[in-house]
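Scroll down for the structure; my scribbles are underneath it.
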Amino acid sequence: MAYDRGCASRAVQMDWRPGAIARAMTPGASTPGTSVHRFSPDPDTVNPLPDAYAPFVLTGRIAQRVLRLPVEVGPAYVGAAHAGAAYAEAANIGAAHADATGVAPAPAAQRRHAEYQAGRDLAATLLAGLGAQTLQVGTDADRAPVWPDGFTGSISHSRQLLAVAVGRHEDTRGLGIDLEAIANADEREAIESVCMVPEEHALVGNALPRADWATLVFSAKEAFYKCQFPLTRCPLEFGDLAVMHADVSAQRLVLRLQRDAGPDFRRGQSFHCGYRYGQGHVYTAVQLAP
């Protein structure tokens with residue numbers, strides 16, 4: 001579950017960097033040397049996001065925003081109006097790079113760069129709204145975001161959606177969000193075999209569809225990982241965290257550490273994770289009190 005970890009399950013190659021599993025397991029996802037998957041028509045015309053969409057369960061003065069990523073069209077991208085021109089500009093750097101070096105980035109790498117830049121741009125917008133003097137979000141050696149002094153946050157995206165949440169340290173000590181498209185049958189099987197401990201499989205019985213539950217468990221562990229890693233630098237595995245309780249009515253989970261991860265993250269310690277479903281995705285959030 002580390003930011004740079006890779007793991008194979010059956011015929012599915014998974015990249016456990018936050019948000020990457022959705023790309024790795026999505027049928028038609030781009031790999032080097034292949035053409036880019038096309039979305040048609042524009043998803044905003046099919047299933048537009050509600051205004052001020054804020055699906056993450058967060059308390060206090062936490063800024064959050066979810067946007068649709070632009071539509072893929074061959075090697076270039078057509079930006080949805082609200083996603084900003086920066087995404088399209090970043091995604092179309094391939095031609096300029098090829099002119100300069102003779103080698104264009106592979107489409108998958110091109111898209112990852114665009115997603116990365118779109119996330120940083122949206123984070124800068126939220127930081128500005130919170131009054132931050134520094135708006136740049138860096139990247140450390142573990143590929144985790146580095147937030148300006150006095151702030152913390154989390155970034156997540158699927159192939160369709162991008163989400164950012166940001167807060168001041170006076171309002172939250174740690175923050176992790178994750179969004180995942182609901183798994184298909186192959187993806188569900190991969191998650192169940194790699195990411196879930198035996199006790200989690202039957203925890204909600206028939207209260208949720210099997211694919212919804214598997215996606216939720218995976219997403220909740222990703223959200224917790226992104227919350228704790230900046231504080232502990234501990235590269236947890238999926239089995240190091242277990243969902244012990246699920247309240248489907250309140251849409252809340254209780255996660256329990258199965259090992260020590262740091263002074264404030266001890267074996268047996270429990271953490272709450274709120275979740276919501278919508279737009280074909282699950283949204284999870286773990287937040288620590290200041």
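Side-chain atoms are counted along with the backbone in the values below, which use heavy atoms only and exclude waters and symmetry mates. Note that the structure is predicted; figures quoted are calculated from it, not measured.
Side chain of Arg233 to backbone of Asp142: no donor-acceptor contact under 3.5 angstrom is found. With hydrogens and angles disregarded, a donor-acceptor distance shorter than 3.5 Å links the side chain of Glu187 to the backbone of Asn184. A donor-acceptor pair under 3.5 Å is absent between the side-chain atoms of Glu192 and the main chain of Ala214, judged by distance alone. Although no hydrogens or angles enter the test, the distance criterion places a donor-acceptor pair under 3.5 Å between the side chain of Thr215 and the main chain of Ala183.
Two residues are said to be in side-chain contact when any heavy atoms from C-beta on lie closer than 4.5 Å; Pro290 and Arg168 fail this criterion. Looking at heavy atoms from C-beta onward, Gln279 lies in side-chain contact with Tyr53 at the 4.5 angstrom threshold. Contact annotation: the side chain of Gln64 approaches that of Leu58 to within less than 4.5 Å [non-hydrogen atoms, C-beta and beyond]. Counting heavy atoms from C-beta outward, Gln133 and Pro148 have side chains that stay 4.5 Å or more apart. Proximity of Leu122 to Arg65: side-chain heavy atoms (C-beta onward) are separated by under 4.5 Å at one or more points. Side-chain contact between Thr172 and Thr152 is present, with at least one heavy-atom pair separated by less than 4.5 Å.
Considering all non-hydrogen atoms of both residues, Lys221 and Met196 come closest at NZ-CA, 4.2 Å. Pairing each heavy atom of His281 with each of Ala181, the nearest pair is CD2-N, 3.4 Å. In this structure, Glu200 and Val217 approach most closely via the heavy-atom pair OE1-CG1, 3.6 Å. Residues Pro55 and Tyr283 come closest through the heavy atom pair CG-CD2, 3.5 Å. Val146 and Thr139 get closest at one heavy-atom pair: CG2-C, 3.9 Å. Scanning all heavy atoms of the two residues, the minimum distance from Val286 to Cys227 falls at O-SG, 3.8 Å.
Distance check: Arg188 CZ to Ser193 OG gives 10.0 Å after rounding to the nearest 0.5 Å. To the nearest 0.5 Å, the span separating CG on Leu161 from CG on Leu67 amounts to 9.0 Å. One finds the CG atom of Leu175 at 8.5 Å from the CG atom of Leu288 (value rounded to the nearest 0.5 Å). The CD atom of Gln287 sits 4.5 Å away from atom CD1 of Ile62, with the distance rounded to the nearest 0.5 Å. Rounded to the nearest 0.5 angstrom, Leu179 CG and Ser158 OG are separated by 5.0 Å. Note that NE2 of His245 and SG of Cys273 are 12.5 Å apart. Values are rounded to the nearest 0.5 Å.
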Under 3.5 Å, which donor-acceptor pairs link side chains of residues 255-267 to any protein atom two or more places apart or in another chain?
unit_1	atom_1	unit_2	atom_2	d
Arg256	NE	Ser270	OG	3.3
Gln258	NE2	Arg256	O	3.0
Asp260	OD1	Arg267	N	2.7

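Scanning for ring pair (Phe, Tyr, Trp, His ring centres under 6.0 Å) contacts around Tyr277 gives Tyr275, with sequence neighbours left out. Checked against side-chain contact (heavy atoms from CB on, under 4.5 Å), Ala207 has the following partners two or more places apart in sequence or in another chain: Val204, Val248. Scored by the salt bridge (charged side-chain N to carboxylate O under 4.0 Å, His left out) test, Arg276 finds no partners at all (sequence neighbours excluded). Here Ala63 pairs with Leu126, Leu130 under the side-chain contact (heavy atoms from CB on, under 4.5 Å) rule; sequence neighbours left out. For the side-chain contact (heavy atoms from CB on, under 4.5 Å) test, residues two or more places apart in sequence or in another chain that qualify with Ser219 are Asp178, Glu180, Val282, Thr284.
Exactly one residue among Trp213, Phe238, Tyr225 makes a ring pair (Phe, Tyr, Trp, His ring centres under 6.0 Å) with Phe218. That residue is Phe238.
Around the CD atom of Gln136, the shell of radius 6.0 Å holds no more than 12 heavy atoms that belong to other residues, nucleotides or ligands.
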- Evaluate the criterion side-chain contact (heavy atoms from CB on, under 4.5 Å) for residue pair Leu216 and Val243; output intermediate values, then yes/no. CA-CA 10 Å; Leu216 172 58; Val243 180; over 6 Å; no
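Hydrophobic cluster membership differs between Leu241 and Val254, with clusters built from Ile, Leu, Val, Met, Phe, Trp and Tyr side chains linked at under 4.5 angstrom. At a threshold of 4.5 Å between side-chain heavy atoms, the hydrophobic network of Ile, Leu, Val, Met, Phe, Trp and Tyr places Val137 and Leu135 in one connected group. Linking ILVMFWY side-chain heavy atoms closer than 4.5 Å, directly or via other members, places Tyr116 and Leu162 in two distinct hydrophobic clusters. The hydrophobic cluster containing Leu231 also contains Leu236, counting ILVMFWY residues as joined when their side-chain heavy atoms lie under 4.5 angstrom apart, directly or transitively.
Using a cutoff of 4.0 Å between basic side-chain nitrogens and carboxylate oxygens, Lys226 and Glu222 are not scored as salt-bridged.
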